[in-house]
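Working notes, structure below.
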Amino acid sequence: MADNAVLERPAVAGPRTRGRETRPRSARYIRRAVAVVYVVGLVILPVWIVLWRTIRQGGSAFWNAISAQSAVHAYQVTAIVAGSAVVINTVFGIGVAILLARYRFPGRRLLDVLVDVPISISPIVVGLALVLAYGTTTGRFGTDLAKAGIHVIFSAPGMVLATSFVSLPLVLREVLPVLEEEGIDQDQAARSLGANAWQRLIRVTLPTIRWALAYGVVLSIARSLGEFGALRVVSGDITGQTQTITLVVDERAEQFEPGAYQLSLILIAVSVLCMVVISFVRPGGQR
Amino acid sequence: MGIEAVGISKRFGDFVALESVDLHVETGRLTALLGPSGGGKSTLLRIIGGLDDPDEGSVHIDGLEATGVPPQRRNVGFVFQHYAAFKHLSVYRNVAFGLEIRKRPKAEIRQRVHELLELVHLEQFADRLPSQLSGGQRQRMALARALAVQPRVLLLDEPFGALDTMVRKELRDWLRRLHDEMHVTTVFVTHDQEEALEVSDELVVINHGRIEQVGTPTELYDNPDNEFVMGFLGPVTRLGPQLVRPHDIEVFLTPEPGAVEASVTRLQRIGFEVRAELATPDSTPWVQLNRGQAEALKLQVGARVWLRAARDASTLRAAG
């Protein structure tokens, strides 16, 4: 406690003192040290260990792990599940954002709040809820769907559903503020110039929100690739069938099988790629 | 022909924006809808353009039923107060927008857009983005964009409202000249009486969702139907029971038939203009004089004078 108090005082007083030079040097160093320890301890160290273990196990182990049949299958499952979820959430996000930004209707506020619920509920709970609703033997709707030959739980549809659910508002929340800021003038100008709804969407609305949309899509991809809890419950985690890369990593790590570090590295690489894309999309104040 | 709006009513919740308004705009004229904010003039314009639907009433444009027809099929040009420029498109593409939607051949689009950019003096800015233009230039671009599709009517909603005074005056003159060249039926909304008097062929004064009076600027200025129109179009002062324009009051140094006695309470010089505030037994009028008149009368605070409304002055009986 005492340490905390010492550390916090300069941080609070900081903005009030006029120039940087007037602040005590020691406070600055302490603050920097805290930041460095925080980042190193939470981010760099764990990631480095994964990287280091991968390197230590050698190039052939890396190649074997990432080209194993179960891994390749997991890539495919991940691509299908995350890809579908991102497409669904992009279409949904744009649609609902336009609805919320441009129209006033009963229940608008409720909808505005409701779309944030998925991201705040624990993914495990989401998974359980989906099983209760769509499970083949016990689900509220699942039994009827199963009779019709549609299996949701323990197969791709359920996994897409779960992934879409947990990343539902990401595109919407990026796009909505831009639409609200731009208002409806450009849309009305396009109308008066003869553009129909589809032409207005393609020629005016999408170009207006393009940076926000790109950012939202990248966020959704990152979130969908990393989804674990809901997928674990809904997919049944069936080896070689319903496993995404994230689920394979979990299985390998749990059972001390080789491949966990190598595949983790693949996931990290994709995340870093997403971050690089975001950093290109975000600056320039064009969002 | 022209625009025929009959029995237009529009409510927003409890607020009555328009109440059974009839408006007739003749082909080829430049008509101003003038009134205070919230009076319903913008709503009327948006109903003509199809951006709002009336609760009651019908709109005909050039004899064709327009009520319920979406704006994209009305063939009207609309210019917005805040330009509504397509920010991601160059000036050229902004102006070309309506023609591209109509799938006109490329060569025709190029020719038409260049003609229009020349008309609005923006030829050298064709490749710029709207964000690289000044407010006045943006509004000229918006006008060229609206004119590109050869609309049957051109509707302008407070087109100069977001511009500073100098640019405003310049664009005003320019709109007038443009209209004299193009003769497209034009309706513009403004709350600035000077702008309306200066630019328009016909004036429609709107207040509280009703049309107060319609006529040429001169008719309305000289023969206002009521106190509101008189007050909105220019300064009004009260001399005894009469409402009269302050420049229509004659000042005498000796008693005259029909003139009332008054004393000068305050003198104020604004450039070439002199404002004299006076007191009569039952009113406190002010009189607008030019410097020459004020000097000839040797007006001073406390001086006794006699006041009378000029013979051809427009006057109204004050209510109450």
**Study point:** Closest approach of Ala189(A) to Arg145(B) (non-hydrogen atoms, all atoms of both residues)
**Key:**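 The pair with the smallest heavy-atom distance is CB-NH2, 3.4 Å.
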More than 12 non-hydrogen atoms from neighbouring residues, nucleotides or ligands closer than 6.0 Å to [atom1] on [X], yes or no?
X         : atom1 : value
Asp180(B) : CG    : yes
His208(B) : NE2   : no
Phe12(B)  : CZ    : yes
Phe105(A) : CZ    : yes

Once you round to the nearest 0.5 Å, how far does [atom1] of [X] lie from [atom2] of [Y]?
X         : Y         : atom1 : atom2 : result
Ile101(B) : Asn196(A) : CD1   : CG    : 7.0 Å
Arg191(A) : Phe78(B)  : CZ    : CZ    : 11.5 Å
Ile209(A) : His88(B)  : CD1   : NE2   : 11.0 Å
Gln72(B)  : Gln199(A) : CD    : CD    : 9.0 Å
Phe97(B)  : Ser192(A) : CZ    : OG    : 9.5 Å
Tyr83(B)  : Asp185(A) : OH    : CG    : 11.5 Å

Heavy-atom distance under 4.5 Å to chain A: side chain of [X], backbone, both or neither?
X         : result
Arg46(B)  : side chain
Ala142(B) : neither
Ala146(B) : backbone

Exercise for review: Determine the option with the most heavy-atom pairs under 4.5 angstrom with chain A, choosing from His82(B), Arg73(B), Arg102(B), Gln81(B).
Suggested key: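 Ranked by heavy-atom pairs under 4.5 Å with chain A, first place is Arg102(B).
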Review point. For the candidates Asp187(A), Ile184(A), Val204(A), which exhibits the highest count of non-hydrogen atom pairs separated by less than 4.5 Å from chain B?
Key: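 Option with the greatest count: Val204(A).
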Review point. Does any heavy atom of chain B fall under 4.5 Å from the side chain of Arg200(A), the backbone, both, or neither of them?
Key: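 Contact with chain B is through the side chain of Arg200(A) alone.
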Point to revise | Evaluation steps, side-chain contact (heavy atoms from CB on, under 4.5 Å), between Phe86(B) and Arg203(A) | key: CA-CA 9 Å; Phe86(B) 301 132; Arg203(A) 285 169 178 263; over 6 Å; no
